[in-house]
There are 2 protein chains.
Amino acid sequence: MCANRVGEHKQETRIQAKNRAAIKRAALKVFSENGFLGSTLDQIAAACSMSKPNVLYYFSGKEAIHRALLEELLDNWLAPLRHMDPDGEPISEILAYVDRKLQMAQEFPMESRLFANEILQGAPRIEDFIRHDLKDLVDEKAAVISGWVEAGKIAQVDPYHLIFSIWAMTQHYADFEIQVRLILPDGTDPYEGASTYLHTLFVSLLTP
Amino acid sequence: MCANRVGEHKQETRIQAKNRAAIKRAALKVFSENGFLGSTLDQIAAACSMSKPNVLYYFSGKEAIHRALLEELLDNWLAPLRHMDPDGEPISEILAYVDRKLQMAQEFPMESRLFANEILQGAPRIEDFIRHDLKDLVDEKAAVISGWVEAGKIAQVDPYHLIFSIWAMTQHYADFEIQVRLILPDGTDPYEGASTYLHTLFVSLLTP
DNA sequence: ACTACTCTTTACCAACCAGTCAAAGAAATA
DNA sequence: TATTTCTTTGACTGGTTGGTAAAGAGTAGT
């Protein structure tokens with residue numbers, strides 16, 4: 001057995017890495033479709049073709065799988081907003097943020113739905129994250145946007161509601177994907193139309 | 001026993017009306033917080049201070065309670081959009097629609113979350129409603145909006161994405177209420193700020 | 001009072017739930 | 001090869017789930 005260490009933790013074996021990843025992939029699908037309470041270990045085990053005790057060999061319980069999933073997600077969740085550059089050109093910085101969020105909704109709709117499920121059910125497991133990590137970041141970027149407003153670089157808008165509206169509209173295409181697809185005329189790509197629409201929307205809102 | 005009839009159905013007694021309403025009130029709370037799969041009959045029974053078999057005396061099962069709730073909701077769900085008047089002044093008609101949707105989010109957040117839960121989980125019980133009732137109405141109103149665009153009364157926008165964006169932003173304040181309240185500075189009323197912001201947003205988007 | 005009906009509860013069931021455990025089966029190491 | 005460690009599983013448990021059966025309690029008409 002190799003004695004590799006990373007910090008305090010033993011290195012994962014190839015099998016462990018592969019199986020843990022397979023379980024998380026399956027669990028993401030199950031949790032994002034049914035929510036935490038509505039999902040069962042049997043569903044997750046079936047989705048990754050493992051026996052239930054084997055799943056529990058890699059994670060200490062249902063809660064632990066869910067926690068691992070959320071922890072990975074929350075890191076990536078902040079990235080698009082964090083990348084908004086205070087020194088960049090205001091309108092293109094905001095449009096770039098919209099694009100990144102929309103791209104995340106398109107590429108990771110299950111992650112978006114996992115998050116939505118969690119918030120919808122009162123955010124029991126991520127209240128601290130929202131209260132501290134997310135709030136601090138939003139406060140910081142809201143101050144940046146307020147600076148842009150005061151400098152006359154963009155029109156007068158409430159920075160918090162601006163951010164909320166970006167979240168709402170981009171995540172809507174992932175979270176309500178079924179509805180969007182059922183209502184949009186057949187063959188229409190939701191994300192293509194959304195991108196064009198959102199650019200028009202925010203340019204007309206923000207141009208002073 | 002009174003022999004009143006309404007159509008083919010016997011009239012509900014006062015007790016029946018009262019208890020059915022109490023069960024639905026309790027079930028709305030439970031379902032909107034936990035989703036259909038995550039909710040239990042025991043929770044619903046406890047929330048209306050009845051025994052579980054007594055709840056099942058009034059509804060044939062968990063599914064039936066949920067169905068009754070959705071049916072009532074879906075009627076009201078279409079109303080705000082249906083009231084958009086093709087002959088009215090375009091921008092104020094759209095702003096009035098935004099206001100009605102925002103007011104619904106504020107007054108009936110649990111209903112909004114019940115709907116969100118349902119869509120998020122793939123709309124298994126309301127696919128027909130979305131595919132026919134909702135889609136027909138949206139198609140009709142999208143045509144109206146397209147007419148306004150062609151008449152030069154409002155700026156050029158995709159009517160479907162316009163409607164999606166109104167849904168997304170108004171429902172966001174109900175569905176993600178916890179997040180909104182945790183991030184907004186203390187003492188700020190989400191809906192007051194949202195109303196102002198959304199007016200600015202859509203006026204600047206739609207003014208030709 | 002009696003009767004007929006509505007409403008409510010206690011006790012219960014089969015299916016399913018998260019999680020355990022001992023032991024068998026594979027891999028890696030020596 | 002023998003041995004140790006890692007991986008997998010079948011059988012099980014105690015608790016919860018949606019739902020039922022049947023009997024009791026309440027109510028109104030006669």
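Letters A, B, ... are given to chains in the order of the sequence lines, protein chains preceding strands, and every chain is numbered from 1.
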| query | When all nucleic acid strands are considered with a 4.0 Å heavy-atom cut-off, which category describes S60(A): base, sugar-phosphate, or nothing? | reply | nothing
Please give, in whole Å, the distance from [N] [atom2] to [X] [atom1]?
X	N	atom1	atom2	value
R14(A)	dA26(C)	CZ	P	19 Å
L37(A)	dC16(C)	CG	P	19 Å
N54(B)	dG19(D)	CG	C1'	14 Å
K62(A)	dC17(C)	NZ	P	9 Å
E63(B)	dG19(D)	CD	C1'	14 Å
Y58(A)	dA18(C)	OH	P	20 Å
D42(B)	dC17(C)	CG	P	16 Å
N34(B)	dC17(C)	CG	P	17 Å

| From CA spacing to verdict: salt bridge (charged side-chain N to carboxylate O under 4.0 Å, His left out), D175(B), R113(B) | CA-CA 5 Å; D175(B) 302 343; R113(B) 286 193 279 267; over 6 Å; no
| Any ion pair linking R181(A) and E177(A) (charged N to carboxylate O, less than 4.0 Å)? | yes
| query | Any side-chain heavy-atom pair from E33(B) and Q121(A) closer than 4.5 angstrom? | reply | no
| So do L81(A) and V138(A) actually touch side chain to side chain, heavy atoms under 4.5 Å? | yes
Has [X] got a side-chain N or O lying under 4.0 Å from the OP1 or OP2 atom of [N]?
X	N	answer
S51(A)	dT8(D)	no
Q16(A)	dT7(D)	yes
N19(B)	dT6(C)	no
Y57(A)	dT8(D)	no

| query | If you check every side-chain atom of L56(B), which of dG19(C), dT7(D), dG19(D) has the closest atom? | reply | dG19(D)
| task | Map P53(B) and I15(B) onto DNA chain C by nearest heavy atom, then report which one ends up closer to the 5' terminus. | result | I15(B)
| field | Residues N19(B) and Y58(B): side-chain donor-acceptor under 3.5 angstrom | value | yes
